[in-house]
Amino acid sequence: MKLRVARSREGGKVTHYDLYKIEHKKGMTILDALFQIQDKMDPSLSFRYSCRGAVCGSCSILINKEPRLACRTQVSEVQGMDMRLKDFPALSETPSGWNSEEEILIEPLPNMPIEKDLVVDMTRFYRALETMKLWVDSEEGEEIRLQSPSDRKRIDRYVNCILCALCFGSCPVNAEQIEYVGPAALTKAWRFSEDSRVKTPERYLEAANALNGAPLCDLIMNCVKACPKGVAPGGAIRKLKNP
Amino acid sequence: MDYKTIMCDILVVGAGGAGCRAAIEAAANNLDVIMLSKELLGKAHTAMAEGGLNVSLGNVDPDDNPETHFKDTISGGNYINNQKLAEILVEQAAQRIFDLEDMGAVFDRTPEGKIAQRTFGKQSWRRTAYASDRTGSEIMVTLTEAIRKTSVRVFDEVFATKLLITNGKISGVCAVDLKYGDYLVFRAKSVVMATGGAGRIFSVTSNAQLDVGDGYGMAYEAGCELIDMEMIQFHPTGMVKPESAKGRLVTEAVRGEGGILLNNKGERFMNRYYPEVMELAGRDQVARSIMTEVLEGRGSPDGGAYLSIAHLPKSIVEFRLESMIEQFEDAGIDIREEPMQVSPTAHHFMGGIKTDEDAGTIIPGLFASGECTGGLHGGNRLGGNALADTQVYGAISGESAAKYAKSVSHLGVDRKTITQEFERIESMLNRKDGISPADARSELTELMWEKVQIFRKEEDMQFAVNELRRIEKEVVPNIKVDVPVKRFNPGWHQAMEFVNMVLTARMVAEAAVMRKGSRGAHYRVDADPNDKGYYNIVIKKGKDGKMEMQKDDLVITKITPP
């Protein structure tokens, strides 16, 4: 099995692709393959990782033109995968020389500036969490809060978000509109507005419906298909648009 | 050697559960707080904690109280815990979970809407608060939201390499910005270490990739005392296959919710070892039971035991163990239909930097909290007590660091020490010949896994000690990074980490040799029956640069060891 990996020494743009032949082992993930390259062939290859178990959301990359967590993608299964995403240039333009029959294409997550190789600058993604004030305002007093299991269930899906930014990298709107806060931030806003313990749900709805938020979403739903945790951001955005 | 100097009142090294909680507490004092994170903010190992957080709220079992939590913690810890530290843990855990709730954490609920609590090993009552089986992730996400709300300045992808000491007191930290390779000096009035554990010194571990013991190494070099370093928790249930997932945690909640362990004959073998508590015996006990089955030929084909939940209602499995379904699905196994194969995996360091009730170390101005500290959990940590530890002692360390920072001014830092440190790091890039960090690392982790594991014996451990001394002398000074670039160079990062891994491993192995009897997680097949083990081993760097070890008396407040 071969991996064709996008490289960028100085960041900014992909300068070239390196081809690596990996020794495939049963059950091997793309992250394992990248480690093999790093340990045995090219210790300068940069990519992010931490938990290797789809909990931390660090290893988000483009695998055969689809945004995926490297740790949750089996090398043996890549060829048959199809998310059926709506295309935009980063997903449709392929490098010359890529033999899709024999090589897995590995590239950095789109819609964010490249820092080096597969590492991208996530400032844009995180900044929205800050500008939209996506946190709970603290309350005076220390009384014990109650939340019924059914109220808890209403936000169950959304709290599974691990901020991996795969939705952001899969979104055609994020590709075009640099100011768009993206699916994860909007979903988080919806999660807070739906939390029965929150005293000021309106503030999250207002933040989400600002001009750089939900109104920019075209309900393309790439985010729903790309989300590795079943959060379905597009569903939350639809609700934000029609509360 | 160029470097940038950055000033702050309080520097927190590490951005997991304890580091974030410390930074939040410190910032509440109107002080300038900087938090360093080796990875992106929010990606720390705390997110991988699955089962829950122990707090004696009594929401489902009203008879529970801090007193019982204390007793369970001490007996679970095989009586060598620092009882002063444990008293504080059980008393303050409730307030800290309310803090988390206040920050927006979403826990599972009882029908009345209170925080739900589940059964965990060695606990008298259902005490472990949880968010499905992704409790750590929920806490980590919540803490990062709370951090964004504060004035804390987060420097992520910055790696601290050395603690700076001036006239015996803390004065700052040397660090490398992993993004660009810039050298940074943080000058602070007080410093909190919250650097996590070092499961990665073993080849099979549940730990995140970056848990290599940076804090232990730095603290040792700075002159801190480290306690109980021989006490490594091997979690009984790690994944066995596929190879790439080997060691990944299978939460204790599976057993807490009723999962049972079977051998290849279909026998519920815990009946043979701990018939009264069965699968919910201490983690050290369950780990040894599984290994005994395997060693005596009753293991699963891939060298583990079977963990079955076939008899549990699907609703419980799907709602409370949803990550486990996903985790095994990725390995091609539907746990609702077939049993999981599990075997022990290096999980938690009970030992670490020795701290007092204010989270202080012996170095004035230096505080520590979370897994990088030792003493609280004794010889075996209860499941659910680690998350509680991060929150209780995270807050205490932040508060203590703030109090200290308010009472002092910045100390000078020694330019020569700083230059030497950055030259040491730079030299790894410039070396022409040497050993690659990846090769060095795999040699070390295999050595530790084979020689300083669950069943220990003198000759193995002595072999490990000798090897580690050799590695320290011959390999560490010759670590060579293949590609001499500074921008995001993973080989360089591994080289910097390796020094800490070797030091940490050596402390573990040397202390393990010194402890001749069995106690808690330290189980010897050649145990000296006369060594009851009621002491703590404390390690310190001696004046001559050699590792010094001594046995200290236990800190006992309420429970005398049997």
Side-chain angles (χ1 to χ4, degrees), chain A residues 9-11 25-29 31-32 38-40 42-58 71-72 74 115-117 119 122 126 129-130 133-139 142 144-149 151-152 155-156 159-163 188 192 195 197-198 229, chain B residues 39-45 47-48 95 98 101-104 106-115 131-132 134 136-138 141-142 144-146 148-149 179 208-210 241-245 248-249 323 326-327 330-332 436-439 442 481-483 485 487-491 494:
Chain A
R9 286 243 152 81
E10 297 299 319
K25 292 178 183 155
K26 197 166 173 274
M28 184 181 222
T29 63
L31 185 62
D32 295 325
Q38 197 181 64
D39 286 349
K40 305 260 162 69
D42 187 346
S44 73
L45 176 67
S46 306
F47 50 93
R48 286 201 181 98
Y49 53 86
S50 176
C51 80
R52 82 207 153 116
V55 181
C56 76
S58 299
C71 70
R72 265 201 91 180
Q74 296 282 320
E115 288 199 55
K116 187 178 175 247
D117 299 339
V119 176
M122 296 182 68
Y126 286 120
L129 306 176
E130 204 142 336
K133 298 191 167 65
L134 295 176
W135 52 68
V136 173
D137 304 306
S138 34
E139 306 276 338
E142 287 162 354
I144 296 161
R145 315 248 176 105
L146 297 178
Q147 182 173 46
S148 71
D151 280 343
R152 158 79 172 81
I155 52 175
D156 203 34
V159 296
N160 282 316
C161 174
I162 53 171
L163 294 171
K188 221 175 220 315
F192 285 123
D195 190 326
R197 301 165 303 170
V198 166
K229 303 301 274 188
Chain B
E39 57 266 290
L40 290 171
L41 176 62
K43 309 303 186 194
H45 178 71
M48 293 172 74
Q95 197 47 55
F98 296 144
E101 168 114 53
D102 191 56
M103 295 172 200
V106 178
F107 294 101
D108 283 16
R109 297 286 165 168
T110 66
E112 310 82 58
K114 294 181 189 167
I115 293 172
S132 186
R134 39 168 292 282
S137 176
E138 179 61 29
V141 166
T142 304
T144 55
E145 285 160 6
R148 289 196 181 94
K149 190 161 66 165
K179 290 184 284 298
Q209 292 284 349
L210 302 175
K241 65 172 194 181
E243 188 62 29
S244 67
R248 269 194 66 194
L249 181 62
S323 311
E326 184 184 291
Q327 184 172 319
D330 287 350
S436 96
D439 292 345
S442 64
V481 182
D482 269 346
V483 187
V485 298
R487 196 185 178 89
F488 254 115
N489 185 347
Q494 283 189 16

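Predicted model, so just to flag it, every value in this text is computed and none were measured.
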Under 4.5 Å from a heavy atom of chain B, the part of [X] involved:
{"X": "Asp156(A)", "result": "side chain"}
{"X": "Arg152(A)", "result": "side chain"}
{"X": "Lys40(A)", "result": "neither"}
{"X": "Arg48(A)", "result": "side chain"}
{"X": "Glu115(A)", "result": "both"}
{"X": "Ser46(A)", "result": "both"}
{"X": "Cys161(A)", "result": "backbone"}
{"X": "Asp32(A)", "result": "side chain"}
{"X": "Val119(A)", "result": "side chain"}
{"X": "Leu163(A)", "result": "both"}
{"X": "Lys25(A)", "result": "neither"}
{"X": "Leu45(A)", "result": "backbone"}
{"X": "Phe192(A)", "result": "side chain"}
{"X": "Gln74(A)", "result": "side chain"}

If you take all heavy atoms of [X] and [Y], which pair is closest and at what distance?
{"X": "Leu41(B)", "Y": "Tyr126(A)", "answer": "O-OH, 4.2 Å"}
{"X": "Asp102(B)", "Y": "Ser138(A)", "answer": "OD2-CB, 3.1 Å"}
{"X": "Glu145(B)", "Y": "Trp135(A)", "answer": "O-CB, 3.6 Å"}
{"X": "Cys51(A)", "Y": "Ala208(B)", "answer": "CA-CB, 4.2 Å"}
{"X": "Met122(A)", "Y": "Leu40(B)", "answer": "SD-CD1, 3.6 Å"}
{"X": "Ser137(B)", "Y": "Val55(A)", "answer": "CB-CG1, 4.1 Å"}

Examine distances only and state if a side-chain atom of Ser50(A) and a backbone atom of Lys43(B) form a donor-acceptor pair shorter than 3.5 Å. yes
Examine distances only and state if a side-chain atom of Ser244(B) and a backbone atom of Met28(A) form a donor-acceptor pair shorter than 3.5 Å.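 No, Ser244(B) side chain to Met28(A) backbone: no donor-acceptor pair under 3.5 Å.
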Quick one: what part of [X] sits under 4.5 Å from any heavy atom of chain A, side chain, backbone, both or neither?
{"X": "Ser442(B)", "result": "neither"}
{"X": "Ala47(B)", "result": "both"}
{"X": "Asp108(B)", "result": "both"}
{"X": "Val106(B)", "result": "both"}
{"X": "Arg148(B)", "result": "both"}
{"X": "Gln494(B)", "result": "side chain"}
{"X": "Pro111(B)", "result": "backbone"}

Choice from Lys188(A), Gln38(A), Arg72(A) maximising heavy atom contacts with chain B below 4.5 Å: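 Counting heavy-atom pairs under 4.5 Å, the top option is Arg72(A).
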Select, from Ala54(A), Pro149(A), Ser148(A), Gly27(A), the one with the greatest count of heavy-atom pairs under 4.5 Å involving chain B.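 Looking at each of Ala54(A), Pro149(A), Ser148(A), Gly27(A) in turn, Pro149(A) comes out on top.
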If you round to the nearest 0.5 Å, how far is [atom2] of [Y] from [atom1] of [X]?
{"X": "Lys229(A)", "Y": "Glu326(B)", "atom1": "NZ", "atom2": "CD", "result": "4.0 Å"}
{"X": "Lys26(A)", "Y": "Glu243(B)", "atom1": "NZ", "atom2": "CD", "result": "11.0 Å"}
{"X": "Met103(B)", "Y": "Asp137(A)", "atom1": "CE", "atom2": "CG", "result": "13.5 Å"}
{"X": "Cys71(A)", "Y": "Gln209(B)", "atom1": "SG", "atom2": "CD", "result": "10.5 Å"}
{"X": "Leu146(A)", "Y": "Glu101(B)", "atom1": "CG", "atom2": "CD", "result": "8.5 Å"}

Take atom NZ of Lys133(A) as the centre, draw a 6.0 Å sphere, and report whether it contains more than 12 heavy atoms from other residues, nucleotides or ligands.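 No.
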Among the listed options [options], the residue most often paired with chain A at heavy-atom distances under 4.5 Å:
{"options": "Ala438(B), Pro490(B), Gly491(B)", "answer": "Pro490(B)"}
{"options": "Ala131(B), Ala331(B), Ser436(B), Pro242(B)", "answer": "Pro242(B)"}
{"options": "Glu39(B), Arg134(B), Lys114(B), Lys179(B)", "answer": "Arg134(B)"}

